[in-house]
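Okay, structure first, notes after.
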Amino acid sequence: MRYKLLQEGDIQVCVIRHPRTFLSKILTSKFLRRWEPHHLTLADNSVASATVRARPALLETNGFVYNFSLLQAANSYLRDQWFHSLQWKKKIYKYKKVLSNPSRWEVVLKEIRTLVDMALTSPLQDDSIHQAPLEIVSKLLSENNNLTTQDHESIIVAIAPLLENNHPPPDLCEFFCKHCRERPRSMVVIEVFTPVVQRILKHNMDFGKCPRLRLFTQEYILSLNELNAGMEVVKKFIHSMHGPTGQCPHPRVLPNLVAVCLAAIYSCYEEFINSRDNSPSLKEIRNGCQQQCDRKPNLPLRLLHTSPDLVSQEATLTESRLKPVIVTSNEIHVEVERNNTANQKMTAGVGNDSEPNLIDCLMVSPTCSTMSIELSAQADRILGCYVEILKMLSDYDDWRPALASLLQPIPFPKEALAHEKFTKELKYVIQRFAEDPRQEVHSCLLSVRAGKDGWFQLYSPGGVACDDDGELFASMVHILMGSCYKTKKFLLSLAENKLGPCMLLALRGNQTMVEILCLMLEYNIIDNNDTQLQIISTLESTDVGKRMYEQLCERQRELKELQRKGGPTRLTLPSKSTDADLARLLSSGSFGNLENLSLAFTNVTSACAEHLIKLPSLKQLNLWSTQFGDAGLRLLSEHLTMLQVLNLCETPVTDAGLLALSSMKSLCSLNMNSTKLSADTYEDLK
């Protein structure tokens with residue numbers, strides 16, 4: 001039988017004193033016993049009754065030295081439940097007293113083993129049954145710091161059975177962390193701590209409630225890295241957490257591993273962060289705040305290498321206001337320069353409470369590269385270990401979408417992003433995101449919201465993390481252009497912020513950038529004539545650019561010719577027609593005047609959208625019972641701005657594609673019967 005630990009309840013109690021006389025023996029006999037109803041409460045070291053007419057002196061006892069010995073319950077199960085609960089409270093109280101004043105550690109170790117056996121064999125089923133012995137041992141270890149290493153390992157092995165189904169308390173986590181740091185090669189780490197850490201990663205829901213669990217996991221992984229095999233052992237551990245199948249069965253493993261990695265990486269730069277927090281903040285400098293030191297308002301930042309001259313320069317800072325202001329933080333040096341143009345731009349931004357743009361804070365001048373950050377040997381090992389773990393996590397296909405989502409807000413300190421070694425190692429993870437064809441993965445390269453920078457800006461030419469000639473930037477642009485339905489908006493952002501790098505890469509023969517420049521010309525993204533001529537000159541300077549520009553000019557001529565010739569205003573395709581049939585038909589003649597097109601009950605898919613957007617006069621489109629999906633809708637929403645009637649009845653479109661229709665302001669009639677439309681999307685479309 002299994003019972004739940006009782007803390008309080010109603011029960012019949014018979015109070016019995018030790019019989020000293022013949023009369024007392026008669027009064028305590030079975031037939032003369034006096035049963036009283038009580039509402040008993042079992043505390044940690046006492047039993048109390050809340051019943052008003054009870055005799056407190058008889059029931060409120062200290063240390064479980066009972067004045068009563070008989071209980072009467074409604075049934076045998078409740079009676080046994082009370083009995084085992086009382087016995088458990090009594091034994092736990094005894095072990096607390098015994099282990100609070102240890103004299104000989106041999107006896108203490110024996111008592112701990114007995115306590116563990118009692119918890120494992122108890123018929124009570126409750127979280128506190130296994131947690132109470134762990135808390136007793138945790139308190140014992142926190143109050144006795146003079147234990148030998150052998151005593152440490154003996155105690156850990158003794159309580160190991162309790163840790164299989166329970167998280168260790170905070171003080172016990174601290175003890176485990178100390179053991180991992182002092183004896184990383186101990187067999188206890190592998191044999192005892194491994195299942196404990198596995199359980200933490202699988203079942204922990206929030207490290208914020210118990211940060212020492214995260215610290216223990218962090219120290220355990222570092223101790224694995226200290227073994228002879230090093231990262232191979234860590235890799236095997238990560239693989240064991242994922243499992244042998246293609247899908248990890250434990251959804252909490254990845255978020256917990258990422259939380260441990262982020263905390264460990266943050267700890268590597270904690271010294272620099274604390275020093276930076278004591279100095280004028282970037283936000284204060286950008287907003288022109290004055291402090292006791294002669295701080296100059298509205299000044300841009302430039303990051304410098306460490307130089308011995310900076311020390312002497314800082315010493316003469318207060319003597320002359322004409323020299324640049326140097327804010328020093330250990331190995332980090334930030335020079336504040338006066339710049340009239342920058343002052344004009346920043347004056348408009350004064351009073352804005354938003355954080356300064358992350359990439360603007362880290363942008364380097366042409367004469368200097370990145371901040372000079374020298375980590376200690378221990379911090380360097382920690383950084384290398386946990387960045388390598390992030391690389392391992394990005395290699396698992398099922399973990400990559402969630403990992404990209406967790407890293408999208410760039411949850412790293414500015415010092416880490418300005419550290420060349422860190423950004424160079426993390427580049428592998430960003431490359432994996434850029435190579436993944438799934439939109440939920442590579443879309444996380446962009447910023448999490450407007451006004452914030454993302455990995456795309458960080459690793460683009462001019463960004464602090466860009467250490468190549470733009471190969472990663474080109475691959476990111478290629479994958480984003482292939483899936484991003486807001487093509488014009490994306491091209492507009494590239495034209496405003498990254499036109500120079502795009503033209504430079506196109507000049508070097510990068511095909512993706514050549515396509516980008518051609519699309520900018522085709523969609524009239526560039527308004528300035530001189531810029532357009534410069535783009536054309538760039539395209540004509542390479543063979544691939546010249547060929548693609550000629551194709552663009554040919555398409556423009558065909559479109560104008562199509563509009564000039566005209567053609568029919570209504571067209572209906574036969575049932576079971578395919579995308580190839582539609583393409584063959586539209587290429588056979590002129591359809592510049594086509595306003596009404598019916599593709600109902602045909603076999604066309606989203607692929608035909610590339611041909612439909614070439615019909616400039618189209619106003620009515622019937623796609624009833626076709627395989628036209630979300631990708632096609634996104635393309636239509638960008639180009640067919642004159643569309644007024646659209647029939648999507650019995651098509652496989654979803655909310656993702658239907659939301660794109662919100663940009664089609666000319667729509668007057670929209671049929672979405674028998675689609676996967678949700679109520680929220682319906683309200684948004686209204």
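FYI, side chains are in, hydrogens and waters are out, and symmetry mates aren't considered; it's all heavy atoms of this structure.
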- Output for pair (Ile155 CD1, Gln150 CD), nearest 0.5 Å, gives 10.5 Å
- Can you check whether His242 reaches Asp398 side chain to side chain, under 4.5 Å on heavy atoms? yes
- Item | For Ala416 against Thr423, the heavy-atom pair lying closest together | O-CG2, 4.0 Å
- Side-chain donor or acceptor of Ser85 paired with backbone N/O of Leu6 under 3.5 Å: yes
- Between Leu383 and Leu375, what is the shortest heavy-atom contact and its length? CD2-CD1, 3.7 Å
- Item | Glu374 versus Phe272, closest heavy-atom pair with distance | O-CZ, 3.6 Å
- Message: Can you give me the closest heavy-atom contact between Leu677 and Tyr682, atom names plus distance?
- Response: CD1-N, 3.9 Å
- Task: Without swapping roles, check the side chain of Asn204 against the backbone of Ile200 for a donor-acceptor pair under 3.5 Å.
- Result: no
- Side-chain heavy atoms of Asp395 within contact of Arg432, under 4.5 Å: yes
- Run the salt-bridge test on Arg181 and Glu219 with the 4.0 Å N-O cut-off and return the result as yes or no. yes
- Query: Do Asp44 and Lys89 have side-chain heavy atoms sitting under 4.5 Å apart?
  - Reply: yes
- Message: Rounded to the nearest 0.5 Å, what separates atom OG in Ser443 from atom CD in Gln408?
- Response: 6.5 Å
- Taking all heavy atoms of Cys173 and all of Leu213, pick out the closest pair and write down the distance. SG-CD2, 3.5 Å
- Residues forming a salt bridge (Lys or Arg N to Asp or Glu O under 4.0 Å) with Lys427, sequence neighbours excluded: Asp467, Asp468
- Message: For a 4.5 angstrom cut-off between non-hydrogen side-chain atoms, does Arg381 reach Glu226?
- Response: yes
- Residues in side chain to side chain contact (heavy atoms under 4.5 Å, CB included) with Arg113, at least two apart? Leu109, Ala158
- Message: Quick check: closest heavy atoms across Asp655 and Ser678, and the distance to 0.1 Å?
- Response: OD2-OG, 2.5 Å
- Query: Should the heavy atoms of other residues, nucleotides or ligands under 6.0 Å from CG of Asp127 be counted, would the total exceed 12?
  - Reply: no
- Task: Assess whether salt bridge (Lys or Arg N to Asp or Glu O under 4.0 Å) is satisfied between Lys235 and Glu232, documenting all intermediate values.
- Result: CA-CA 5 Å; Lys235 186 175 182 180; Glu232 286 299 321; 5.3 Å; no
- Item | Main-chain N/O of Asp397 paired with Arg438 side-chain donor or acceptor, under 3.5 Å | yes
- Could you grab the distance from atom CE of Met118 to atom CH2 of Trp88, nearest 0.5 Å is fine? 3.5 Å
- Task: Measure from the side-chain N and O atoms of Ser138 to the backbone N and O of Leu172, and report whether any donor-acceptor pair falls under 3.5 Å.
- Result: yes
- Message: My understanding is that only one of His419, Glu415, Lys414 makes a side-chain hydrogen bond (donor to acceptor under 3.5 Å, both in side chains) with Tyr269; could you say which?
- Response: His419
- Are Asp151 and Ser154 linked by a side-chain donor-acceptor pair shorter than 3.5 Å? no
- Query: What distance separates Asn166 CG from His130 NE2, expressed to the nearest 0.5 Å?
  - Reply: 6.0 Å
- Item | salt_bridge(Glu425, Lys391) N-O dist < 4.0 Å | yes
- Query: Asp171 pairs by salt bridge (charged side-chain N to carboxylate O under 4.0 Å, His left out) with which of Arg212, Lys178, Lys139?
  - Reply: Arg212
- Query: Can you tell me if His179 uses its side chain to pair, donor with acceptor, with the backbone of Phe175 under 3.5 Å?
  - Reply: no
- Message: Does any part of the side chain of Phe433, heavy atoms only, come nearer than 4.5 Å to the side chain of Cys444, both counted from C-beta?
- Response: no
- To the nearest 0.5 Å, tell me how far Leu254 CG sits from Tyr396 OH. 11.5 Å
- Message: Under a 4.0 Å threshold between the charged nitrogen and the carboxylate oxygen, would Asp380 count as salt-bridged to Lys421?
- Response: yes
- Message: Angle between ring planes, Phe193 versus Phe216, binned at 30° and 60°: parallel, tilted or perpendicular?
- Response: perpendicular
- Task: Using atom types as modelled and distance alone, determine if a side-chain donor or acceptor of Arg400 lies under 3.5 Å from a backbone N or O of Ser394.
- Result: yes
- Taking atom NZ of Lys110 and atom CZ of Arg104, what is their separation to the nearest 0.5 Å? 9.5 Å
- Considering residues, nucleotides and ligands other than Arg449, do more than 12 of their heavy atoms fall under 6.0 Å from its CZ? no
- Item | Verdict with reasoning, Phe412 to Phe422, per ring-ring contact (aromatic ring centres under 6.0 Å, His included) | CA-CA 10 Å; Phe412 300 104; Phe422 174 75; 5.0 Å; yes
- Item | Pair Asn228, Arg185: side-chain N/O donor-acceptor within cut-off below 3.5 Å | yes
